[in-house]
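Data block below; observations after.
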Amino acid sequence: MIHDPLFEPPGHLLTPDDREVPQRVTRLRELGLGQAPDPEFDAFARELAEAARRLADADHAPFAMVNFVTDRQFLAGLYAPPAPGADPGGAVQLGREVPLDHGYCPHVVVRRKALVLDDVCDYPRFAGNPVVDKLGIRTYVGAPLIDHTGTTLGTICIVDSEPRPWGHPGLHLIKERAADLVQMIRRREELLP
């Protein structure tokens, strides 16, 4: 499905209006987050992908990300599964910077609530997103990272090329792991000078 603004349903926003960006940018700078890949967040994303694989009883782990959202999306933590048919070390190549109109995390940040899309194509609001055609994304589970100041820093998310029946177990997993990451960020903040 190709995105055509002339055929958008009324009220459809490919990228939601996010009025908290200035506050988020300031908070991310204070925490030293969102500017560079982070090995600890990469490890977190790998663990999240494996937990999602087990939950879905799938033969492969999905993509998993720690995403800080400002005027762009920055994947400070990223797990990309091996490409089909590639050697065991050959992961799908995905950049760390993603435009705001690619994906569903900006919606999660603005909503400040988790979002579960078992099959993105079942939701007209989300089916026209560029990641469907460009990357073949068919499923999404994401939760906001809301720190102790009340600032939504970004999200953690799971995406895959096949629809998955995440349901309540997927919602529980993503919310629980988001809370874990917020605590990890809080511990880091306590060590800042």
Looking at side-chain heavy atoms only, is the closest gap between [X] and [Y] below 4.5 Å?
X	Y	answer
Val109	Pro144	no
Leu181	Leu145	yes
Ile156	Phe44	yes
Cys121	Phe126	no
Asn67	Phe41	no
Thr139	Val159	no
Leu191	Arg187	no
Leu48	Ile158	yes

Can you name the closest pair of heavy atoms from [X] and [Y] and give their distance?
X	Y	answer
Ala49	Ala61	O-CB, 3.8 Å
Ala76	Asp42	O-OD1, 3.7 Å
Tyr79	Pro82	OH-CD, 3.8 Å
Val141	Gly170	CG1-O, 3.8 Å
Glu30	Leu192	O-CD1, 3.6 Å
Ala45	Ala64	O-CB, 3.2 Å

Pairs where residues 113-123 contributes a residue and the test side-chain hydrogen bond (donor to acceptor under 3.5 Å, both in side chains) is met, not counting sequence neighbours =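 Every pair satisfying side-chain hydrogen bond (donor to acceptor under 3.5 Å, both in side chains) with a residue in residues 113-123: Asp119-Arg138.
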Taking only Lys NZ, Arg NE, NH1 and NH2, and the carboxylate oxygens of Asp or Glu, determine whether Glu20 and Arg27 approach each other closer than 4.0 Å.
->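 The answer is no: the pair does not qualify as a salt bridge.
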Is any side-chain N of the basic residue among Glu162 and Arg164 closer than 4.0 Å to the acidic one's carboxylate O?
->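 Looking at Glu162 and Arg164, the cut-off is met.
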How about Arg29: does its CZ atom have over 12 heavy atoms from other parts shown lying under 6.0 Å from it?
-> no
Give a yes or no on whether His168 atom NE2 has more than 12 heavy-atom contacts from other residues, nucleotides or ligands under 6.0 Å away.
->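 No, NE2 of His168 has 12 or fewer neighbouring heavy atoms, counting only those of other groups under 6.0 Å.
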Cluster question for you: counting only ILVMFWY and a side-chain heavy-atom cut-off of under 4.5 Å, with indirect links fine, are Leu78 and Val66 together?
->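 Leu78 and Val66: separate clusters.
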In one Ile/Leu/Val/Met/Phe/Trp/Tyr side-chain cluster, 4.5 Å: Val182, Met184 |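 Yes, same cluster.
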Gap separating the NE2 atom of His148 from the CD atom of Gln183, nearest 0.5 angstrom |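 Answer rounded to 0.5 Å: 10.0 Å.
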Output for pair (Glu97 CD, His102 NE2), nearest 0.5 Å, gives 13.0 Å
Quick check: does any side chain N or O of Gln73 sit under 3.5 Å from a backbone N or O of Pro99, one acting as donor and the other as acceptor?
-> yes
How would you list, by chain and number, every residue that makes a side chain to side chain contact (heavy atoms under 4.5 Å, CB included) with Leu28, sequence neighbours excluded?
-> Arg24, Leu33, Phe68, Thr70, Leu153
Sole candidate of Val116, Leu171, Leu117, Leu173 that passes side-chain contact (heavy atoms from CB on, under 4.5 Å) when paired with Trp166 =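 Checked Val116, Leu171, Leu117, Leu173 against Trp166; only one passes side-chain contact (heavy atoms from CB on, under 4.5 Å): Val116.
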Any chance you could lay out the side chain to side chain contact (heavy atoms under 4.5 Å, CB included) test for Tyr104 and Cys157, step after step, and finish with the verdict?
-> CA-CA 9 Å; Tyr104 311 103; Cys157 69; over 6 Å; no
Phe63 six-ring centre to Arg46 NZ/CZ under 6.0 Å and within 45° of normal | no
Please step through side-chain hydrogen bond (donor to acceptor under 3.5 Å, both in side chains) for the pair His60 and Arg53, ending with a clear verdict.
-> CA-CA 6 Å; His60 70 278; Arg53 184 198 65 74; over 6 Å; no
Asp38/Arg188 under salt bridge (charged side-chain N to carboxylate O under 4.0 Å, His left out): CA gap, chis, key distance, verdict = CA-CA 13 Å; Asp38 186 306; Arg188 284 183 173 196; 2.8 Å; yes
